[in-house]
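Per chain, numbering begins at 1; letters A, B, ... match sequence-line order.
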2 protein chains.
Amino acid sequence: MIGALIGDPARANMLTALMSGKALTASELAAEAGITPQTASSHLSKLEAANLTRQRKQGRHRYISLANDDVGGVLEALMGLAAKCGHVRARTGPRDPALRRARVCYNHLAGELGVRLHDSLKANGFVREEGEDIDLTDRGAAFVREFGIDLDALSTLRRPLCLSCLDWSARRTHLAGSLGTALLDRIYTLGWARREENSRVISFNRKGEQDFLKTFAV
Amino acid sequence: MIGALIGDPARANMLTALMSGKALTASELAAEAGITPQTASSHLSKLEAANLTRQRKQGRHRYISLANDDVGGVLEALMGLAAKCGHVRARTGPRDPALRRARVCYNHLAGELGVRLHDSLKANGFVREEGEDIDLTDRGAAFVREFGIDLDALSTLRRPLCLSCLDWSARRTHLAGSLGTALLDRIYTLGWARREENSRVISFNRKGEQDFLKTFAV
DNA sequence: GGAATGCTTCGACTATGGTCGAACTATGAA
DNA sequence: TTCATAGTTCGACCATAGTCGAAGCATTCC
């Protein structure tokens, strides 16, 4: 059963670290989980055997990342449930408010600003939401092209364009999928925000946040 | 961490069984998980402490259900990820079809027709249900008086007028309390049905069932 | 009243699996 | 070559917690 894999504290810590979307080495993950490399090695074999993670060997390094978006989504949902039930992991630091404001959820924007983006797209009729499915409208397609995204390139990917993802802190839906990733990349490119080192926090600078709020008005 | 709770095979089996949406007893869950009742009892305390499940004591039974939709959603996601086809065998209630159709529950009507009565009262705005509480509305009071029940006499009893009771076979709420008893008595008096000897079965005659279904329409 | 059922608590047993030390392989650098 | 780093495998240890038998409590049935 897959739950048992996620259940172990050490593995949970590693998976949480991988939620940043970055590929981490086995040693880094060991440090993150507070265990020795040999123990981590054992855990990583199991995670990989269950197809929760994927590895890429490069030289003498072994880079680990989550196997796919689904895994990230399930982990996010689990964290949300844990947060709601009051079983939040210890480790609540000063980063917490920033995390709530804007963070990376595997590869797309989450937190208050992530919800804001989703709501804005919906309010303006750029996406149509039906249950758990999200579809980009014609007007929405025009909008994202205008925003500077190569929509045709995204369409050729096998990955779904729009996916809904449940937010951990706000308990609201936000946008995942290849479009979600592309939007976040574009936000970096525009210089509105940057990733904090060793953290899931996304820091918007003053001007970037103003532009963001103006572009994605509700 | 919540993942550890879901991780254990026994608990996973129980939660899977509860995914049907029905409330199950502690013993049923023990059987479902293939463990003894005392082990199940221990697991259930933990699940409840973590707010994953909710219990409702009724008589000597303890009905367990998932705490909320979020829990179900996460479990669903996990199972989808595990690509595990959930063969959730729902073992529903009594084998005797007659018992399932209509029977006495202490002193009021239960079974499919009991659920029907409850649903009808609710659909017509005769009762208002809030959580586990049920209240008779003004229109409902008029209705039961019209049906031939001395409501004022019931009001003088110390016993609660309306109580919700969880159905044994259908696992749905139905009406208990002094009003539930009075309604069943009235059904006897009208000659719609009678108690079978040495059984909890209530036999409606053909005309009686027709009248019942017409009176308590949904 | 007594019998039967549903469930819990207690205590003891046991097995799974997480953990680390030590030794080993593999890649890269000097 | 020699050394250093990254990671693995092996073996042993041991704590956690899942398990059940026995006994007890609570409720309903007859």
Side-chain angles (χ1 to χ4, degrees), chain A residues 1-15 23-50 53-65, chain B residues 1-15 23-50 53-65 91 93-94 96 99 103-108 110 163 165-169 171 176 181 195-201:
Chain A
M1 177 73 188
I2 220 168
L5 284 174
I6 305 178
D8 177 72
R11 284 190 295 256
N13 278 330
M14 297 197 211
L15 290 172
L24 299 173
T25 66
S27 322
E28 286 170 331
L29 286 173
E32 194 72 32
I35 53 179
T36 59
Q38 55 266 41
T39 304
S41 180
S42 151
H43 286 310
L44 290 173
S45 320
K46 289 171 188 167
L47 288 176
E48 172 132 9
T53 59
R54 177 189 297 167
Q55 65 159 308
R56 204 176 56 219
K57 270 190 177 168
Q58 238 174 50
R60 53 183 170 179
H61 291 273
R62 179 180 170 191
Y63 288 97
I64 319 286
S65 56
Chain B
M1 176 76 184
I2 228 166
L5 284 174
I6 305 179
D8 177 71
R11 284 192 293 258
N13 280 331
M14 297 198 213
L15 291 171
L24 298 173
T25 66
S27 321
E28 286 171 332
L29 287 172
E32 196 71 36
I35 52 179
T36 58
Q38 56 266 38
T39 304
S41 182
S42 150
H43 285 310
L44 290 173
S45 322
K46 288 171 187 165
L47 289 175
E48 171 133 10
T53 59
R54 184 195 297 163
Q55 66 157 309
R56 183 162 167 196
K57 267 191 179 171
Q58 201 157 276
R60 52 186 172 182
H61 292 273
R62 180 178 169 191
Y63 287 97
I64 319 287
S65 55
R91 46 173 66 190
D96 192 342
L99 263 181
R103 68 177 177 279
V104 66
C105 177
Y106 311 146
N107 45 27
H108 57 270
L163 284 176
C165 184
L166 198 55
D167 198 88
W168 169 40
S169 51
R171 298 301 148 83
T181 305
R195 264 296 282 283
E196 291 286 339
E197 289 292 330
N198 297 327
S199 159
R200 298 175 58 193
V201 171

- Task: Run the numbers on B:Glu48 and B:Leu44 for side-chain contact (heavy atoms from CB on, under 4.5 Å), then give the verdict.
- Result: CA-CA 6 Å; B:Glu48 171 133 10; B:Leu44 290 173; over 6 Å; no

- Task: Write down the distance between NE2 (B:His61) and C1' (D:dC29), rounded to a whole number of angstrom.
- Result: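 Computing the B:His61:NE2 to D:dC29:C1' distance gives 12 Å.
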
- Atom CG of A:Leu44 to atom P of D:dA6: distance rounded to whole Å?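 So the CG-P distance, A:Leu44 to D:dA6, works out to 15 Å.
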
- Evaluate the side-chain contact (heavy atoms from CB on, under 4.5 Å) criterion for residues A:Ile64 and A:Glu28: first the C-alpha distance (whole Å), next the side-chain angles of each, then the deciding distance (0.1 Å), finally the verdict. CA-CA 10 Å; A:Ile64 319 286; A:Glu28 286 170 331; over 6 Å; no

- First locate atom CZ of A:Arg11, then atom CG of A:Leu5, and finally report the distance between them rounded to the nearest 0.5 Å.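 Nearest 0.5 Å value for the CZ-CG distance: 5.0 Å.
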
- Task: Grab the two heavy atoms, one from A:Ala40 and one from A:Ala30, that are nearest each other, plus how far apart they are.
- Result: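 Minimum heavy-atom separation between A:Ala40 and A:Ala30: CB-CB, 3.6 Å.
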
- Task: Work out which heavy atom in A:Ala33 is nearest to a heavy atom in A:Ala10; give both atom names and the distance.
- Result: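 Distance-wise, the nearest heavy atoms are CB-O, 3.6 Å.
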
Output one line per pair: protein atom, nucleotide atom from nucleotides 25-28 of chain C, and distance, for all N/O pairs under 3.5 Å.
| residue | atom | partner | partner atom | Å |
| --- | --- | --- | --- | --- |
| C:dT27 | O2 | A:Arg60 | NH1 | 3.3 |

- Query: How would you label the contact of B:Ser45 with the nucleic acid (heavy atoms, under 4.0 Å): base, sugar-phosphate, or nothing?
  - Reply: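 Nothing, no nucleic acid heavy atom in range.
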
Set out, line by line, the N/O atom pairs under 3.5 Å between protein and nucleotides 15-22 of chain C.
| residue | atom | partner | partner atom | Å |
| --- | --- | --- | --- | --- |
| C:dG18 | OP1 | A:Arg11 | NH2 | 3.2 |
| C:dG18 | OP2 | A:Lys46 | NZ | 2.8 |
| C:dT19 | OP2 | A:His43 | NE2 | 2.7 |
| C:dC20 | OP2 | A:Thr36 | N | 3.3 |
| C:dC20 | OP2 | A:Thr36 | OG1 | 3.0 |
| C:dC20 | OP2 | A:Thr39 | OG1 | 3.0 |
| C:dG21 | N7 | A:Gln38 | NE2 | 2.6 |

- Message: Test your reading of the model: is there a side-chain donor-acceptor pair from A:Ser45 to the backbone of A:Ser41, 3.5 Å cut-off?
- Response: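 Yes.
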
- Knowing that exactly one of A:Leu15, A:Leu24, A:Leu47, A:Thr53 qualifies, which makes a side-chain contact (heavy atoms from CB on, under 4.5 Å) with A:Leu29?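 Answer to the side-chain contact (heavy atoms from CB on, under 4.5 Å) test with A:Leu29 among A:Leu15, A:Leu24, A:Leu47, A:Thr53: A:Leu24.
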
